[in-house]
Chemist: 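For reference, the structure I am asking about is given below.
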Number of protein chains: 2
Amino acid sequence: MHRPRKEMIAETRAKLIAAARQAFGTIGYAEASMDDFTASAGLTRGALYHHFGDKKGLLEAVIAEIDGEMAARVNEVASRAPTRWQHFVDECTTYIEMALEPEIQRIMFRDGPAVLGDPAQWSNANACVGSMTDHLTALQGEGVVVPGVDPETAARLINGASSQAAQRIANSNDPEATSKIVVAAFKQLLEGLLRKPGSQQN
Amino acid sequence: MHRPRKEMIAETRAKLIAAARQAFGTIGYAEASMDDFTASAGLTRGALYHHFGDKKGLLEAVIAEIDGEMAARVNEVASRAPTRWQHFVDECTTYIEMALEPEIQRIMFRDGPAVLGDPAQWSNANACVGSMTDHLTALQGEGVVVPGVDPETAARLINGASSQAAQRIANSNDPEATSKIVVAAFKQLLEGLLRKPGSQQN
DNA sequence: CCTATTCACATACGTTCCGTATGCCAATTG
DNA sequence: CAATTGGCATACGGAACGTATGTGAATAGG
């Protein structure tokens, strides 16, 4: 008759995560009142503390969810590229595009690091960088990328540049035009990783 | 006899900024109690609200102070390099070194952006990026750096990579060794900006 | 020199928010 | 059907913030 208990619990968790994600993504983590957004989910802080321990625990869950979505999107978009290098470049530009979205920017690049510390040490949200790292490693094996650079390190640095790129585009008053300029500069930086200078551009 | 009023006021402001800087740089902005750190300066929140409006206003003042110091350090270190390109590279590595300091990392790269938004739009704290932009512009004029990349954009992207580089080093359990790896990868990315001898296009 | 005014800063108060402790009710278990 | 588990709400205490107000010293004016 009544749905099994596990389903109700999962639904409660999902509702809390969704409500928190909405609040964190718009007004920001610090300004989001736990009383408010739990109420908007038809619950109270009691449920929140029961499932996630505290406000930070809920943020972690939100971040894990978004990270999973981002990884899926990156893999899906980049998987249809002719060469592996192109695949990698597409991955990066897709990453920039995602970082343009206010929710992702706010939660993943701003409040997340401020509240939880260095993203590199988040245990549950490294799918994107992991994928980039794998591709760089493969590209090195193929001789496309210079040897001697640590793949994961390069992925992290590129990640930082991507984040800045996205912010620059997002805060521009002409995002369309700015995007071209920023992506061009970004790709130029990536060229530094290529072994042979004579590569075709784009 | 009694010191002029202006001096007392300046001293009060300086004491508040110093106390806030200490608190923000260690326990972080969110955890820093205004009652606590104003008391540690021998004052109360009354003085804070009078001079800075609110907690965010005080953070802005702290950031402006640190930014000035960072710009001075960058200029001083990088000014003794043989070539302009080397000058630029030194500027970047100095930037990374500064970003290794916990106070700078916490205030300038973590809590600052979370509380005040995109650093690129801070009116009072862009000295470092401004200097890097100038050098990139000059390097382009000399034909050392590829044409077609927007200098300020490149400076921002490099800035983002620098921040990630610093965090990676700082959070390593062997900072000494990690530093070599990270700086090597970082310089490799910078190579992407160099105009290569054998390639002519655009 | 004396009064009036300004203003830097402190104090007092109300509100909001967080974390914990406790209570209740439905669903499972035997 | 009784017992127990546990998911979630309610109640309470404390801390932090912002505002409104008070006070005393320094300046200004006559």
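No hydrogens, no waters, no symmetry mates; every other heavy atom, side chains included, goes into these values. In what follows, every chain begins at residue 1, and chains take the letters A, B, ... in the order their sequences are listed.
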Chemist: What integer distance in Å separates B:I9:CD1 from D:dA25:P?
Modeler: 16 Å
Chemist: Could you check which of D:dC8, D:dC17, C:dC18 has an atom nearest any side-chain atom of A:K55?
Modeler: C:dC18
Chemist: Using a strict cut-off of less than 4.0 Å between a Lys/Arg side-chain nitrogen and an Asp/Glu carboxylate oxygen, indicate whether B:D54 and B:R45 qualify as a salt bridge.
Modeler: no
Chemist: Should the ring pair B:F24 and B:Y29 be called parallel, tilted or perpendicular, given that the plane angle runs from 0 to 90° and is split at 30 and 60?
Modeler: tilted
Chemist: Is a side-chain N or O of B:T26 found less than 3.5 angstrom from the main chain of B:A23, in a donor-acceptor match?
Modeler: yes
Chemist: Tell me whether the side-chain N/O atoms of A:S33 come closer than 4.0 Å to OP1 or OP2 in C:dT16.
Modeler: no
Chemist: If you find the nucleotide of DNA chain C closest to A:G46 and the one closest to B:H50, which residue's nucleotide is nearer the 5' end?
Modeler: B:H50
Chemist: Is there a side-chain contact between B:T44 and the phosphate of C:dT11, meaning an N or O under 4.0 Å from OP1 or OP2?
Modeler: no
Chemist: When you measure from the side chain of A:D36, which nucleotide among C:dC17, D:dC8, D:dG18 comes out closest?
Modeler: C:dC17
Chemist: Within this structure, what is the CG-to-P distance between A:L16 and D:dG7, rounded to whole angstrom?
Modeler: 13 Å
Chemist: In whole Å, I'd like the distance from the CD atom of A:E31 to the P atom of C:dC18.
Modeler: 10 Å
Chemist: Any side-chain to backbone donor/acceptor pair from A:Q188 onto B:G192? Under 3.5 Å, distance only.
Modeler: yes
Chemist: From the set D:dG7, C:dC9, C:dC13, return the single nucleotide nearest to any side-chain atom of B:R45.
Modeler: C:dC13
Chemist: Check whether any side-chain N or O of B:T178 sits under 3.5 Å from a backbone N or O of B:D174 as a donor-acceptor pair, and report yes or no.
Modeler: yes
Chemist: Would you indicate which nucleotide in D:dG18, C:dA8, C:dT20 comes nearest to any side-chain atom of A:Y49?
Modeler: C:dT20
Chemist: Looking for any heavy atom pair under 4.0 Å, which part of the strands does B:A39 touch: base, sugar-phosphate only, or nothing?
Modeler: nothing
Chemist: How long is the line joining CG of A:D35 and P of C:dG19, in whole Å?
Modeler: 11 Å
Chemist: Rounded to the nearest Å, what distance is computed from the NE2 atom of residue A:H51 to the P atom of nucleotide D:dG7?
Modeler: 6 Å
Chemist: Could you give the CD-to-C1' distance, from A:E11 to D:dG7, as a whole number of Å?
Modeler: 13 Å
Chemist: How many Å lie between CE on A:M8 and P on D:dT5, as a whole number?
Modeler: 22 Å
Chemist: Starting at CG of B:L48 and ending at P of C:dT11, how long is that distance when rounded to a whole Å?
Modeler: 15 Å
